[in-house]
Amino acid sequence: MSKTVRQSDWATETLMEAPFWRNGMTPEEYEMENRYLSKNFYKQKDGNYMPLWMQEENMKA
């Protein structure tokens, strides 16, 4: 069983500047979001980028 690590334990201020950052992210969530941003960077440039966690929240609403 793995222990969940929260931002206070691992993230630097620089990492928290990512456009997909949210409080309480785990390192695994950060890596997944970072890969998604890398594949969809053009959306950020166009102003149409939405992080995966935000897309998920919108689907629940």
Side-chain angles (χ1 to χ4, degrees):
M1 180 157 49
S2 66
K3 178 184 170 192
T4 302
V5 180
R6 296 293 172 195
Q7 92 273 357
S8 60
D9 297 330
W10 68 273
T12 64
E13 288 184 28
T14 303
L15 292 178
M16 292 183 207
E17 291 177 7
F20 53 79
W21 178 261
R22 66 179 171 83
N23 288 332
M25 274 189 125
T26 64
E28 293 82 12
E29 291 170 323
Y30 184 92
E31 288 300 320
M32 184 172 62
E33 290 283 4
N34 197 35
R35 283 191 302 273
Y36 180 75
L37 175 60
S38 294
K39 293 177 182 177
N40 295 279
F41 186 72
Y42 67 95
K43 290 182 181 181
Q44 184 187 21
K45 285 183 71 175
D46 295 342
N48 296 317
Y49 174 76
M50 183 180 292
L52 292 171
W53 66 266
M54 195 177 290
Q55 292 177 39
E56 188 176 305
E57 282 185 3
N58 287 344
M59 290 175 62
K60 291 178 184 177

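Bear in mind the structure is a predicted one, so any value in this text is a computation, not a measurement.
Closest of all the heavy-atom pairs between Leu15 and Trp10 is CD1-CZ3, 3.6 Å. Taking every heavy atom of both residues into account, Pro19 and Pro51 meet most closely at O-CG, 4.0 Å.
Considering only heavy atoms from C-beta on, Glu29 stays 4.5 Å or farther from Leu52 through its side chain. When side chains are defined from C-beta on, Trp21 does not count as touching Glu17, because their heavy atoms never get closer than 4.5 Å.
Evaluation of the ring-ring contact (aromatic ring centres under 6.0 Å, His included) rule for Phe20 yields Tyr30 as partners, not counting sequence neighbours. Listed by chain and number, the residues in a salt bridge (Lys or Arg N to Asp or Glu O under 4.0 Å) with Glu56 are Lys60 (sequence neighbours excluded).
Residue pairs meeting the side chain to side chain donor-acceptor pair (under 3.5 Å) criterion with at least one member in residues 31-49, sequence neighbours excluded: Tyr36-Gln55.
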